[in-house]
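Report on one structure; see the data block that follows.
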Amino acid sequence: MSRQPSVLRLRCPAQSRFVASLRHALVSFLRAHDFKGQQLDDVTTAAGEALANVVEHAYTAAASQVDAYIGLRANVDAKGTLALEVYDGGAFVERRPTRGRGFGLRIIRAIAGRLTIDTSNGTRLRMIFERKR
Amino acid sequence: MSRQPSVLRLRCPAQSRFVASLRHALVSFLRAHDFKGQQLDDVTTAAGEALANVVEHAYTAAASQVDAYIGLRANVDAKGTLALEVYDGGAFVERRPTRGRGFGLRIIRAIAGRLTIDTSNGTRLRMIFERKR
Amino acid sequence: MNEAEPVKVIRLTGELEIGRKNEIRSTLRAPADGTPVLLDLAGVTYADSIALTELLRFCAEAQQVGQPVALVIQTPQFARLIQYAGLATVFKVFAEPAEALAYLTESPRQ
Amino acid sequence: MNEAEPVKVIRLTGELEIGRKNEIRSTLRAPADGTPVLLDLAGVTYADSIALTELLRFCAEAQQVGQPVALVIQTPQFARLIQYAGLATVFKVFAEPAEALAYLTESPRQ
Ligand SMILES: Nc1ncnc2c1ncn2[C@@H]1O[C@H](COP(=O)(O)OP(=O)(O)O)[C@@H](O)[C@H]1O
Ligand SMILES: Nc1ncnc2c1ncn2[C@@H]1O[C@H](COP(=O)(O)OP(=O)(O)O)[C@@H](O)[C@H]1O
């Protein structure tokens with residue numbers, strides 16, 4: 001077991017073609033830290049939804065010259081607890097739920113034990129996962 | 001093509017079991033940025049050697065309580081040029097070449113167009129790769 | 001399965017995610033004639049809510065022309081995604097193609 | 001290949017890298033009796049210099065007991081790694097198992 005924290009940080013243009021590889025990089029990192037099975041799937045699913053939301057919503061109102069990026073930060077501490085953050089420099093879009101949409105945050109809420117959404121400066125989702133053994 | 005730079009940063013305990021997944025995470029990131037074929041292999045090989053050197057050498061003289069970490073940073077700029085850094089907080093070990101050893105830096109030199117090794121504060125290898133198309 | 005009631009098989013494999021949205025959308029086109037559709041998703045390794053939205057749209061279009069749709073899903077991540085999204089009762093999901101086929105060709109429908 | 005000259009096959013697959021150092025070391029043990037060894041590395045997907053060091057050690061041990069060793073390598077990354085390390089003339093590398101076998105069983109050796 002590792003005593004020090006491990007950190008993965010990724011920053012990419014907020015384009016759909018980068019989402020899969022951000023997810024793959026996260027999976028590689030989590031596997032090395034003994035995440036597996038359903039928990040590995042669930043964390044990956046939640047990350048995928050948060051990343052897709054950045055691509056789909058964060059920069060819709062932004063000027064085209066803006067630096068439209070997605071950020072991801074995964075921190076595994078000495079106890080194996082994962083803090084996962086997905087963030088952007090865009091603007092959160094308040095919206096009424098529409099039929100056939102609005103699954104992303106619902107899925108994330110179903111998975112993440114603790115979720116905070118900070119929209120004070122872009123959008124930052126923070127999810128905490130205790131490692132299951 | 002992305003206009004903004006993309007960055008992957010990883011930090012893990014300097015243990016051999018993390019090296020493969022750091023490499024996998026790098027491969028995922030590079031694939032998304034259109035690295036492929038021999039160049040993708042070569043960059044991966046160079047990164048693997050640099051990471052292995054940190055595990056094998058950087059902290060051999062260090063006290064056991066030291067925060068023995070490996071760092072990796074990959075930056076792809078708007079032109080597609082990759083700056084790859086592998087760094088640690090240990091001490092570079094000057095050594096005479098031994099038979100049957102000493103391949104790591106030789107392999108890295110054969111691959112990296114531009115290589116700098118900064119040993120002023122831990123060891124930091126910096127390699128630059130122009131993207132081949 | 002008899003000649004009178006053929007089944008159209010639509011297959012998607014790999015990762016059904018945001019980067020493949022257009023491809024998923026164009027693959028999921030309902031035949032206009034009401035032929036039952038077996039959506040073979042057994043080879044899907046990962047799915048996200050973008051894929052779910054396309055599947056929902058496809059099933060709604062199919063329902064409008066009275067076309068039954070059965071999904072074959074074997075990937076735990078995908079099956080759980082549908083649960084988490086609250087869509088468990090919306091899709092007709094089967095683990096085995098034979099079960100899906102039986103549903104499409106044998107069950108009585110109005 | 002005849003009864004008088006059997007060939008021992010040692011196979012390693014996947015990623016031959018620092019995380020598997022101990023496993024690679026214990027797999028690469030030279031038989032003491034001089035039996036020719038076919039090192040089947042066709043299924044290797046990646047190799048690093050840690051693996052090269054173990055291969056070198058194995059080949060040196062084999063040479064001491066007059067035991068010929070042929071490597072089967074098909075992965076471009078692995079083949080190039082050997083070039084970059086300056087070891088192209090040190091290992092007997094073949095792309096096909098049949099070629100390696102022919103070398104081990106047919107070529108005249110002192
Ligand atoms: N990163 C983000 N930036 C801006 N708005 C967001 C972001 N994430 C979510 N939202 C807002 O929250 C709404 C609900 O998101 P979600 O539940 O994922 O559903 P959907 O993406 O299908 O609309 C989105 O429609 C959007 O208005
Ligand atoms: N990150 C590092 N920290 C400390 N020493 C290093 C590091 N990388 C390389 N070295 C030194 O450089 C030497 C040569 O490295 P290398 O060419 O990879 O060969 P090898 O690892 O087989 O010794 C090492 O033996 C070590 O003394």
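Every chain is numbered from 1 and lettered A, B, ... according to where its sequence line falls, protein lines coming before strand lines.
- E17(C) touches chain A through its side chain: at least one heavy atom from C-beta onward sits under 4.5 Å away, while N, CA, C and O do not.
- Note on R11(A) versus D67(A): salt bridge recorded, some NZ/NE/NH1/NH2 to OD/OE distance being below 4.0 Å.
- Chosen from G19(C), A47(C), P76(C), the residue pairing most often with chain A at heavy-atom distances under 4.5 Å is G19(C).
- The contact between I111(A) and chain C is made entirely by side chain atoms (from C-beta outward), counting heavy-atom distances below 4.5 Å.
- Proximity to chain C (any heavy atom under 4.5 Å) is shown, for R109(A), by neither the backbone nor the side chain.
- Of the candidates T27(C), V9(C), L55(C), V72(C), L39(C) forms a side-chain contact (heavy atoms from CB on, under 4.5 Å) with just one, namely L55(C).
- Judged by distance alone, the side chains of Y87(A) and D118(A) never bring a donor and an acceptor atom under 3.5 Å apart.
- Between the Q67(C) side chain and the T35(C) main chain, a donor and an acceptor come within less than 3.5 Å of each other.
- Ion pairing between a basic and an acidic side chain is recognised when a charged N comes within 4.0 Å of a carboxylate O; E54(C) and K21(C) show no such pairing.
- Chain C forms more heavy-atom pairs under 4.5 Å with one residue of D42(A), V19(A), T44(A), I108(A) than with any other, namely D42(A).
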